[in-house]
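Sequence positions, counted from 1, serve as the residue numbers for this chain.
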Amino acid sequence: YNNWFESCTSAQLKELCRAAKLPVSGTKPALVQRLLDVDPVSEWGEWTQSDLKEELKEQLLVQSGNKLEMVLRLAHAKYGTGAVKRAATETVVDPDTGEETQVLKKRKVSVGPKTMYTRVAKKMNAVTQKKYQSHWGSKRHALHVYRLMKNLMEDHCIEEKVIQTNPLLAEEMGRSVFRAFAENWHVMERPGYDTDEFREAVDLYADVLEAARPLLSAKQVEEIVDLLEEVKACDCGYGLCERVAFDACVNYTTGKRKENKMWRDEFGYKKARYAGEDVIIEAIKVIMPEYDPKRRPQKKAKLLRYQIEGMKDWVLHS
């Protein structure tokens, strides 16, 4: 399909048209074109489910459901054409101005290390799903893996304040994310796309390591360093670990937009980041300041599945 609307049935397209106050008569191509001609409906059709969830979150709307349900929810809210499912909110009062603001209620979700490991491993092995088999779909798989890693670290270690209340548990949770990554790396097929989200996940883990550092034993430090070295060995030329100029943390702290203090504060970038830095080495030095990779046993680079299959074919046909 050239666009998402073409994958919908005629009944679903008519439902979308009703939600957007558009006529529902005509053939399927006519319905598709009608939706493509209207903003922001046409834009919603191009967005991923993650993008739609972010928009729903900003509008304090329920974020569950498939893509069709999310687009319908946004259309109902914009055009006033249906019952709007609002997310649970709470009132926050600004202590200085007394102004009241509605914000989403924090869900009391406790996700442990085992669950985080399983979710990352499952997403990495989802590379065989049909949606990742096309040329463009295969490029999205790496993004979805790296974004999941970042979101797990951000949502459950940082936002739920585990990093403050139980730093050792937060570290164990973060370690499970990167252990799953290292142990399932071989299934990845096009890992060199959208690597900035991978680096953001590593930075979040480094923040967790900083909080847990006083509580870590020498054995735990060695185990973490071993794991991070294994993660780095996965890179092997895919550009996962090295910061680049367009990384947001570089752009807003030392790059072209470093003067934009408002956005820097909005994104929470407190440390200066530079293009060319290795995020894995920076994370290791949080708990082992004297770290020198030249003095450590070198980890062997891991082959990806398609490389292994290529070697098998070569052996079979040679």
Side-chain angles (χ1 to χ4, degrees), residues 47-58 63-67 70 104 106-107 109-134 136-163 169-209 224 227-228 230-232 234-235 238-241 243 247-249 267-268 279-280 283 302 304-305:
W47 290 2
T48 64
Q49 286 187 253
S50 297
D51 296 329
L52 291 167
K53 282 185 178 180
E54 285 298 317
E55 183 65 23
L56 289 165
K57 185 176 181 180
E58 285 187 16
Q63 301 158 45
S64 60
N66 57 34
K67 183 169 181 176
M70 292 182 188
L104 290 175
K106 293 288 184 181
R107 292 185 300 169
V109 178
S110 179
V111 175
K114 185 176 180 180
T115 302
M116 293 174 77
Y117 178 97
T118 302
R119 289 187 62 183
V120 174
K122 185 176 179 180
K123 177 58 71 175
M124 293 179 77
N125 283 276
V127 69
T128 57
Q129 292 180 359
K130 185 177 180 180
K131 65 180 178 180
Y132 295 129
Q133 295 307 301
S134 68
W136 296 109
S138 62
K139 292 182 177 182
R140 301 291 290 174
H141 178 251
L143 168 63
H144 293 169
V145 170
Y146 304 149
R147 181 169 291 168
L148 174 63
M149 294 172 68
K150 183 190 78 171
N151 289 344
L152 287 173
M153 294 297 305
E154 191 168 39
D155 294 346
H156 303 298
C157 294
I158 310 298
E159 294 291 333
E160 292 185 3
K161 301 189 184 301
V162 180
I163 188 175
L169 175 59
E171 188 286 313
E172 190 180 349
M173 292 163 71
R175 201 189 316 182
S176 68
V177 167
F178 288 94
R179 184 183 295 113
F181 174 83
E183 292 180 358
N184 293 276
W185 168 255
H186 63 282
V187 305
M188 297 288 283
E189 293 187 355
R190 305 185 78 176
Y193 289 91
D194 298 288
T195 57
D196 55 313
E197 303 225 23
F198 171 82
R199 292 187 287 277
E200 288 185 33
V202 177
D203 283 337
L204 291 169
Y205 185 42
D207 291 340
V208 170
L209 291 176
I224 294 167
L227 173 61
L228 289 176
E230 194 174 343
V231 170
K232 181 168 173 56
C234 294
D235 190 345
Y238 290 101
L240 269 69
C241 301
R243 297 192 203 280
D247 283 0
C249 62
F267 290 134
V279 291
I280 294 293
K302 291 188 174 183
L304 300 182
R305 179 165 58 191

According to the interplanar angle, ranging from 0 to 90°, do the rings of Phe181 and Tyr146 count as parallel (below 30°), tilted (30 to 60°) or perpendicular (above 60°)?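 Ring orientation, 0 to 90° scale: tilted.
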What distance separates [X] [atom1] from [Y] [atom2], expressed to the nearest 0.5 Å?
X: Met116; Y: Ser176; atom1: CE; atom2: OG; value: 5.0 Å
X: Leu143; Y: Leu148; atom1: CG; atom2: CG; value: 11.0 Å
X: Gln49; Y: Asn66; atom1: CD; atom2: CG; value: 7.0 Å
X: Arg175; Y: Leu209; atom1: CZ; atom2: CG; value: 9.0 Å
X: Tyr238; Y: Phe198; atom1: OH; atom2: CZ; value: 13.5 Å
X: Leu227; Y: Ile224; atom1: CG; atom2: CD1; value: 8.5 Å

Within a strict 4.5 Å, meaning less than it, do heavy atoms of the [X] and [Y] side chains meet?
X: Asn184; Y: Val120; answer: no
X: Cys249; Y: Asp203; answer: yes
X: Thr48; Y: Arg140; answer: yes

Results of ring pair (Phe, Tyr, Trp, His ring centres under 6.0 Å) for Tyr205 - residues two or more places apart only: Phe178
Could you work out, with ring pair (Phe, Tyr, Trp, His ring centres under 6.0 Å) as the rule, every residue matching Tyr132, not counting sequence neighbours?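 Ring pair (Phe, Tyr, Trp, His ring centres under 6.0 Å) list for Tyr132, sorted by chain: His141, His144.
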Would you mind listing every salt bridge (charged side-chain N to carboxylate O under 4.0 Å, His left out) that reaches into residues 142-158, with sequence neighbours excluded? Arg147-Glu197, Lys150-Glu197, Lys150-Glu200
